[in-house]
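It should be emphasised that the depicted structure is a prediction, and the values quoted were computed from it without experimental measurement.
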Amino acid sequence: MKACKNLQSEIWVVDNNSTDDSKAFLSCRFPSVQFIWNDCNAGFAKANNQALAKASGEYILFLNPDTIIPEDAFESCLSFLQQQNNKAALGIRMIDGSGKFLKESKRAFPSPFTSLFKLTGLARLFPQSKIFARYHLGHLSDAENHEVDVLAGAFMMIPKTILDQTGGFDETFFMYGEDVDLSYRIQKAGYTNWYFAGSTIIHFKGESTKKGTLNYVRLFYKAMNTFVKKHYSGGKAGLFIFLIQTGIFLRAIVAVIGKFIQKIGLALIDAAIIFTSFWCIKFLWSTYIRKEVNYSPNMLSIAFPVFTVIFLIASYYSGLYDKGYRQSQLNRSTFSAALVLLSGYALLPESIRFSRGILVFGIVMAFVLMTILRRLLMRMGILSRTENEDGYRETIVVAGEKDFTAVTALLEKAGMPEKVLGRVNNSLTSSSKALGSIHQLQHLVTMYPVKEIIYCEDLLSFKEIIAAIQQVRVNVKNKFHASGTSSIVGSDSKDLSGEYLAGTSKYTIAKPVNRRNKNLLDVSLALLFLVTLPVHIVLQRKPFGFVQNIFKVLFLQRSWVGYAPASTGLPRIRKGILTSTTLPAAINDLPQESLQLSDEWYATYYSATTDFKKIIRGYRYLGY
């Protein structure tokens with residue numbers, strides 16, 4: 001809307017059956033925007049054509065929703081098209097949320113050899129070659145305007161007179177390929193397609209279909225197949241289709257392997273690494289260090305698998321196999337596993353113990369190999385890195401006082417007030433409370449352990465924000481806050497879903513590792529209560545109910561601690577014997593507001609220790 005300020009314009013938004021209450025949220029906030037609300041996912045091409053049929057402008061811009069536009073972008077683009085006598089269509093220079101140039105901003109039409117070079121990896125090996133990197137026109141500078149073949153569907157500005165001749169998107173394409181097809185028809189009609197470097201937009205990408213998934217492979221190559229059959233013929237089409245089918249097969253194999261590793265394959269590989277590490281250390285130990293000791297093969301064939309299983313269980317409950325990867329996860333998991341193994345080893349009878357050195361060095365070797373494996377998987381794109389969420393004072397906010405107050409309020413509501421290191425202002429003398437000026441941003445993120453920068457619109461225009469993220473050359477995350485909104489958004493990779501922070505709390509009870517630990521604590525205590533039942537029968541106020549509750553917890557029907565019945569909007573957990581107040585719901589006489597606050601605190605700051613303390617305090621009521 002800011003980019004349209006000096007233009008006579010209309011904005012159409014087509015919603016493909018969103019399920020997140022978009023209609024109720026957006027309609028009242030943007031009364032000047034014209035919405036089309038579909039009752040099904042009609043696909044990218046059809047949805048754009050719906051708006052095109054109603055649009056009345058002399059120029060049409062097809063724009064993805066996951067974009068940030070500089071204030072002068074449209075005027076610059078229109079001026080360029082007018083210089084071409086409106087005989088051209090235009091795409092724009094695009095960067096992702098980290099400031100990295102998106103190669104798909106300029107592309108050539110697919111051909112058998114172009115596809116072959118991309119498929120075999122030659123395009124990546126020679127990214128600036130006119131021959132091998134033709135798919136993304138790697139030999140053309142991204143800082144200069146160029147006539148190209150393909151415009152990216154994320155931003156296509158086209159004079160209406162051209163679209164009247166070519167028609168809109170081909171609705172045969174559901175997603176992917178429709179921009180290639182329209183670009184091809186524009187050229188066939190005698191017009192040109194231009195890559196425009198005079199302005200830059202942010203395109204977060206990765207929001208509709210995650211790259212590398214089976215669904216992405218299927219949709220992308222199906223679109224390419226459709227394009228070839230429509231526009232190529234004869235032997236060229238046959239060769240191209242063969243390469244496409246080969247690409248589908250190879251990419252599908254990679255996607256399946258990647259998915260398998262992400263889901264359960266990583267644990268199986270870890271198991272093989274741990275088991276092999278123990279055997280290798282045992283061989284080296286008995287061959288070079290303790291030659292005089294004969295270890296029982298039967299004992300070791302039982303002990304090593306048991307140790308491997310214990311190692312994996314300890315790692316699982318430490319969060320090693322949660323989504324994403326952090327080195328601290330592996331460190332914590334290895335330490336936990338080592339503690340469990342060595343404690344268990346110390347409890348074994350002297351007659352069946354073997355060398356503690358084998359155990360210790362086996363753990364060390366497994367740790368080193370698992371670290372190397374994860375680094376390789378990250379380089380291959382199979383495993384993604386997640387940042388440490390427990391970091392302290394890791395965020396710089398580039399903002400004026402107004403937006404800084406709004407952002408810190410959002411972070412505080414989300415349970416992360418400690419993240420903010422400070423504010424960056426637009427001058428050295430504006431405020432003594434600021435860390436520095438925008439001109440010192442590169443120095444500040446280098447000097448301090450900054451992991452994230454939040455750019456706010458009240459200090460910089462969107463054009464200045466886009467320029468700033470390209471100038472800060474360090475590995476930090478970027479997020480963005482528009483004045484007057486109640487959210488912070490950002491995405492650092494075209495292959496990953498973006499992140500947003502809105503006016504809702506960040507509940508630690510929703511983390512997979514905390515859910516597992518809660519379940520483990522529930523079942524462990526239930527078993528302990530069952531084994532020591534005679535003692536509890538005497539101590540409990542309602543012994544019969546206590547026995548019933550033990551079995552309800554064992555069969556995962558109830559939890560020892562849950563929410564008060566009045567609370568809504570929190571992450572779902574099983575109904576509790578006790579509530580967050582440590583009392584059962586039957587005798588909770590606190591007002592509803594107090595119960596909700598108690599549950600909010602419980603969900604926000606949950607840990608297994610929290611449950612344990614509440615169970616001890618409410619022990620007498622476990623039979624209710």
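The backbone N or O of P571 lies less than 3.5 Å from a partner atom in the side chain of Y563, making a donor-acceptor pair. Between the side chain of N549 and the backbone N or O of L622 there is at least one donor-acceptor pair closer than 3.5 Å. No donor-acceptor pair closer than 3.5 Å links the side chain of N514 to the backbone N or O of S607. At distances below 3.5 Å, at least one donor-acceptor pair connects side-chain atoms of R423 with backbone N or O atoms of A399. Proximity of a side-chain donor or acceptor of Q540 to a complementary backbone N or O of Y619 within less than 3.5 Å is detected. Between the side chain of H536 and the backbone N or O of F546 there is no donor-acceptor pair closer than 3.5 Å. The closest donor-acceptor contact from the side chain of S286 to the backbone of F283 lies under 3.5 Å.
Scanning both residues, I363 and T334, for their nearest heavy atoms gives CG2-CG2, 3.8 Å. Considering all non-hydrogen atoms of both residues, L570 and A603 come closest at CD2-CB, 4.4 Å. Taking all atoms of both residues into account, the shortest heavy-atom contact from L521 to F612 is CD2-N, 3.9 Å. Between T508 and Y605, the shortest heavy-atom contact is OG1-C, 3.5 Å.
The salt bridge (Lys or Arg N to Asp or Glu O under 4.0 Å) analysis of residues 520-537, with sequence neighbours excluded, yields the pairs D522-R574. Under the salt bridge (Lys or Arg N to Asp or Glu O under 4.0 Å) criterion, the residue pairs touching residues 610-622 are K518-D611, with sequence neighbours excluded.
Both tests do not hold together for K479 against Y455: distance to the six-membered ring centre under 6.0 Å, angle to the ring axis within 45°.
Residues satisfying the side chain to side chain contact (heavy atoms under 4.5 Å, CB included) test with L527, not counting sequence neighbours, are V523, L554. Legend: residues meeting ring-ring contact (aromatic ring centres under 6.0 Å, His included) with Y606, ordered by chain and number and at least two apart, are Y602. Shown here are the ring-ring contact (aromatic ring centres under 6.0 Å, His included) partners of F367, two or more places apart in sequence or in another chain: there are none.
With a 4.5 Å cut-off on side-chain heavy atoms, I95 and Q470 count as touching. Residues I488 and V407 meet the side-chain proximity criterion, which asks for heavy atoms closer than 4.5 Å. Side-chain contact between F278 and K282 is absent, with no heavy atoms from C-beta onward closer than 4.5 Å. I396 is not listed as a side-chain neighbour of E452, based on a closest heavy-atom distance of 4.5 Å or more.
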field: side chain to side chain donor-acceptor pair (under 3.5 Å) between S598 and T581, worked out
entry: CA-CA 7 Å; S598 177; T581 65; 5.7 Å; no
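The residue from V445, L435, V397, T395 that alone fulfils the side-chain contact (heavy atoms from CB on, under 4.5 Å) condition with L421 is L435.
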Please tabulate, one pair per line, all N/O donor-acceptor pairs under 3.5 Å involving side-chain atoms of residues 265-276, not counting sequence neighbours.
| unit_1 | atom_1 | unit_2 | atom_2 | d |
| --- | --- | --- | --- | --- |
| D270 | OD1 | R374 | NH1 | 3.1 |
| D270 | OD2 | Y321 | OH | 2.6 |
| D270 | OD2 | R374 | NH2 | 2.6 |
| T276 | OG1 | A272 | O | 2.6 |

